[in-house]
Amino acid sequence: MQIKPKMPSETSPATPEYLQQEESVGEEVKELISRLPKEKGWLTAHLYQYQGFWYPVRHLAGVLACQKHFLSEDNDIFLVSTPKSGTTWLKAIVFALVNRSRFPTKPHPLTASNPHDLVPFLEINHYVDGRIPDLSSSPSPRLFSTHLPLLSLPESVGRSHACKIVYLCRNPKDIFVSLWHFTNGLKPLHSPPNSMADVVDMFLRGVSLFGPCWDHALHYWNLCKEDSGRVMFVRFEEMKERPKAQLRRLSEFLGCPFSAAEEEAGAVEEILRLCSFENLSDLEVNRSGRLSSGEENRVFFRRGVVGDWRNYLDDETAARFDRIAEEKFRGSGLVL
Ligand code: A3P
């Protein structure tokens with residue numbers, strides 16, 4: 001496999017909370033993981049397979065807690081993705097979109113906070129370590145994000161026909177390259193980076209954060225085909241290619257279409273400018289700040305382009321990815 005000699009940043013990486021020792025989890029999680037399939041992690045010591053997908057142990061505690069305790073409300077909005085699909089961008093866009101009447105004047109919260117702090121994940125933030133947060137005072141519509149696969153969503157979300165799910169997907173080859181950079185960027189100092197050769201087979205077997213990404217996308221795709229009023233499917237590539245059209249689609253799906261006056265005033269362009277890679281990645285908060293969970297904000301902004309995998313994967317490796325997509329998506333109409 002061809003590997004170009006570009007490596008993630010050599011500067012001091014953040015060591016996020018979830019790198020802490022596995023022993024710090026509670027008895028319920030310890031008992032659960034003793035029965036789960038286990039593999040070496042990319043970043044954490046291990047990944048565990050739970051309900052068909054792979055998690056670090058600290059995320060598992062959050063998954064169990066939100067499955068048990070989260071109660072959805074009718075107008076909740078869930079932003080769902082696999083890691084490195086462009087979640088940061090989607091969070092920024094939907095936050096700016098649904099809150100546009102709350103923040104008509106500058107400075108906008110996105111200029112002072114990373115999108116992950118404005119739209120926290122259920123399992124990684126709100127319920128991390130098995131916490132039970134009080135979400136009752138969140139402004140309506142409540143905006144949540146999650147990397148949870150469809151089959152693992154809290155029951156109240158699965159049952160509700162009134163909440164909305166926006167699912168973001170991306171070409172798995174670009175997800176893989178992005179994840180490789182991301183996880184190496186988060187490694188503790190003096191811990192050797194993973195080579196691509198170390199992790200590509202794991203990724204192709206689905207052994208990656210919330211992987212396999214193919215099954216993750218397919219399950220939501222199938223639900224979207226059944227119930228397009230409830231689930232909207234967004235592709236990173238389409239967002240890059242036709243951002244205005246995708247933002248208008250999102251606004252209609254979420255029940256907050258742009259008025260003629262807003263269109264005239266350039267509201268669509270303004271949200272896209274605010275949330276652009278160039279703007280967000282250049283903000284002080286994203287150049288030097290950290291998330292409450294410990295990651296440096298800058299690790300969520302790398303290149304933000306389509307097809308960067310071509311700089312890293314040779315034809316043979318790319319073909320392995322494509323074969324998996326062909327097999328998994330055959331007959332579904334899904335193309336990534
Ligand atoms: P690359 O590593 O390919 O550059 P996630 O947000 O799901 O963690 O995904 C991160 C990926 O989205 C990274 O991809 C990152 O650069 C890209 N990204 C982050 N913010 C973006 C934005 N505003 N516009 C486009 N891409 C963005």
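Since this is a predicted model, take the numbers as computed values, not measurements. Counting starts at 1 for both ligands and their atoms, in listed order.
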Item checked: Residue and atom name of the nearest protein heavy atom (relative to atom 7 (O) of ligand 1), distance in Å to one decimal -> Thr87 OG1, 2.6 Å
Item checked: Residue and atom name of the nearest protein heavy atom (relative to atom 24 (N) of ligand 1), distance in Å to one decimal -> Trp89 CD2, 3.3 Å
Counting heavy atoms only, which of [options] is nearest [atom]?
atom	options	result
atom 6 (O) of ligand 1	Thr88, Asp308, Leu209, Val177	Thr88
atom 23 (N) of ligand 1	Ser281, Pro243, Cys275, Pro115	Cys275
atom 14 (O) of ligand 1	His181, Arg170, Glu295, His116	Arg170

Checklist line | Axial cation check for Tyr127 ring with Lys68, 6.0 Å and 45° limits | finding: no
Next item on the list: Please work out which of the three classes, parallel, tilted or perpendicular, describes the rings of Trp214 and Phe203, given edges at 30° and 60°.
Entry: perpendicular
Notebook entry, point to check: Can Arg320 and Asp201 be counted as an ion pair, charged N to O under 4.0 angstrom?
Noted result: yes
Notebook entry, point to check: Relative to the heavy atoms of Ser178, which atoms of ligand 1 are at a distance of less than 4.0 Å?
Noted result: 1 (P), 2 (O), 3 (O), 11 (C), 13 (C), 14 (O)
Notebook entry, point to check: What atoms of ligand 1 come closer than 4.0 angstrom to any heavy atom of Phe301?
Noted result: 16 (O), 19 (C), 20 (N)
Margin query: For ligand 1 and Arg303, I'd like to know whether there is a polar contact (N/O to N/O, distance under 3.5 Å).
Written below: yes
Check: Does ligand 1 have an atom under 4.0 Å from some heavy atom of Phe236?
Finding: yes
Notebook entry, point to check: Among the heavy atoms of Ser81, does any lie under 4.0 Å from an atom of ligand 1?
Noted result: no
Check: Taking atom types as modelled, is there a side-chain donor on Tyr167 or His216 under 3.5 Å from an acceptor on the other?
Finding: yes
Notebook entry, point to check: Backbone, side chain, both or neither: what part of Ala92 comes under 4.0 angstrom of ligand 1, heavy atoms only?
Noted result: neither
